Protein chains: 2
Amino acid sequence: MAIDAEELKGHLDGLLLAVLTGGPLHGYAVIEALKARSGGELALSEGTVYPALHRLEREGLLASEWSSESGRRRRVYSLTRRGERALGERRARWESFAGTIGAVLAA
Amino acid sequence: MAIDAEELKGHLDGLLLAVLTGGPLHGYAVIEALKARSGGELALSEGTVYPALHRLEREGLLASEWSSESGRRRRVYSLTRRGERALGERRARWESFAGTIGAVLAA
DNA sequence: GCACATTACCTCGTCATACAAGGCATTGCA
DNA sequence: TGCAATGCCTTGTATGACGAGGTAATGTGC
């Protein structure tokens, strides 16, 4: 079952940061990587991912560079130092969040 | 760390259904029960919970009754049969969601 | 008896955000 | 030559949690 838009809210940024720990990727490749890493569950649209990447760059968690390799115009994103730290916080927050929700749901 | 508004989106309904498996509760008590069961992490406001309870009742997952016991006017909510089924689905969805997000974040 | 916190309900407006829809340009393939 | 895929973008919409504000009764301390 594909993931619902509403349940994803607030959790997207961490996913984007996480997928970039494997090395820089351009936007389109980020979408594919998320799909691959989630077994197809995370089939995010461009209208979701591109604005989020812009936001993360604006916040200084990502840096981007235009690349004309292979003739095609691509914007390649990479994690900044601050982005790495933020990812650490995101992971901790997720553990806490998932623990809380899981506990209440199971009760 | 208290739970953020955005990350909770889409997950609240399941929590409300779950907290009512212990028996009927009125709205204010639902808020307290969630706080207690989450170790204080889920400190939800009335502006969050009351509309959600109304929505769930409108969807037929909860039923409510006015109670004047103790002189105080209270609306007591209980799970319907459909609500119980919906809770089962919510729990399954949560497992799937948490598994997917957790896997991508950890990768 | 009086002030004030607590219990208990409600609604309205605001904000953040995921997404659909639409547009543009290039490459590659049938 | 047409059409899919790659690759980028923006705008508008819907959703949903929350803050702020309102009402009223009960309980408590002085």
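First the proteins, then the strands, lettered A, B, ... as listed; each starts at 1. Source: prediction; values computed, not measured.
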Item to check | Residue pair B:Leu16 / B:Ala52: nearest heavy atoms and the distance that separates them | outcome: CD1-CB, 3.5 Å
Checklist entry - What's the CG-C1' distance between B:Leu42 and D:dC18, to the nearest Å? => result 14 Å
Checklist outcome for this item: Between A:Gly47 and A:Glu6, whichever has its closest DNA chain D nucleotide further toward 5' is A:Gly47
Item to check | B:Lys35 NZ - C:dT7 C1' separation (whole Å) | outcome: 12 Å
Checklist entry - Could B:Glu7 and A:Arg93 be called an ion pair, given the rule that one side-chain N must be under 4.0 Å from one carboxylate O? => result yes
Checklist outcome for this item: Of A:Ile3 and B:Lys9, the one whose closest nucleotide on DNA chain C sits nearer the 5' end is B:Lys9
Item to check | Shortest side-chain distance from A:Ala5, nucleotide among D:dT15, C:dC9, C:dC19 | outcome: C:dC19
Next on the checklist: Whether B:Arg82 and B:Glu59 form a salt bridge (side-chain N of Lys/Arg under 4.0 Å from carboxylate O of Asp/Glu) is what I want to check.
Outcome noted: no
Checklist outcome for this item: Checking D:dC9, D:dT15, D:dT6 against the side chain of A:Tyr77 (C-beta onward), the nearest is D:dC9
Item to check | Residue A:Arg72, side-chain heavy atoms: nucleotide from C:dT27, C:dA18, D:dA17 that is nearest | outcome: C:dT27
Checklist entry - Rounded to whole angstrom units, what separation is found between the CG atom of B:Leu12 and the P atom of D:dT15? => result 16 Å
Checklist outcome for this item: Between NE2 of B:His11 and C1' of D:dT15 the distance, given in whole Å, is 13 Å
Next on the checklist: Is B:Tyr50 close enough to C:dC10 that one of its side-chain N or O atoms is under 4.0 Å from OP1 or OP2 there?
Outcome noted: no
Checklist entry - If you check the A:His54 side chain, which of D:dC9, D:dG16, C:dA18 turns out closest? => result D:dC9
Checklist entry - Taking the side chain of A:Ser45 as heavy atoms from C-beta outward, which of C:dT27, C:dA20, C:dA16 is closest to it? => result C:dA20
Next on the checklist: Looking at C:dT7, I'd like to know if its phosphate oxygens (OP1 or OP2) sit under 4.0 Å from a side-chain N or O belonging to B:Arg73.
Outcome noted: no
Item to check | A:Leu56 CG - C:dA18 P separation (whole Å) | outcome: 10 Å
Checklist entry - Which atom pair, heavy atoms only, marks the closest approach of A:Leu15 to A:Leu34? => result O-CD2, 4.0 Å
Next on the checklist: Is the phosphate of D:dA17 approached by B:Arg55 (side-chain N or O, under 4.0 Å from OP1 or OP2)?
Outcome noted: yes
Next on the checklist: With a 4.0 Å cut-off on N to O distance, would you call A:Glu6 and A:Lys9 a salt bridge?
Outcome noted: yes
Next on the checklist: Mind checking if A:Gly27 touches a base, just sugar-phosphate, or nothing, with heavy atoms under 4.0 Å?
Outcome noted: sugar-phosphate
Item to check | Phosphate contact (D:dC18 OP1 or OP2) by B:Thr48 side-chain N/O below 4.0 Å | outcome: yes
Checklist entry - Is it true that A:Arg55 and A:Asp13 make a salt bridge, defined as a side-chain N closer than 4.0 Å to a carboxylate O? => result yes
Checklist entry - When the distance from CD of A:Glu65 to P of D:dC8 is rounded to whole Å, what number comes out? => result 14 Å
Checklist outcome for this item: Between CD1 of A:Ile31 and P of C:dA18 the distance, given in whole Å, is 13 Å
Next on the checklist: Could you check whether the side chain of A:Glu46 and the base of D:dC8 have a donor-acceptor pair of N or O atoms closer than 3.5 Å, going by distance alone?
Outcome noted: yes
Next on the checklist: Measure CD/B:Glu32 against P/C:dT6 and give the value in whole Å, please.
Outcome noted: 11 Å
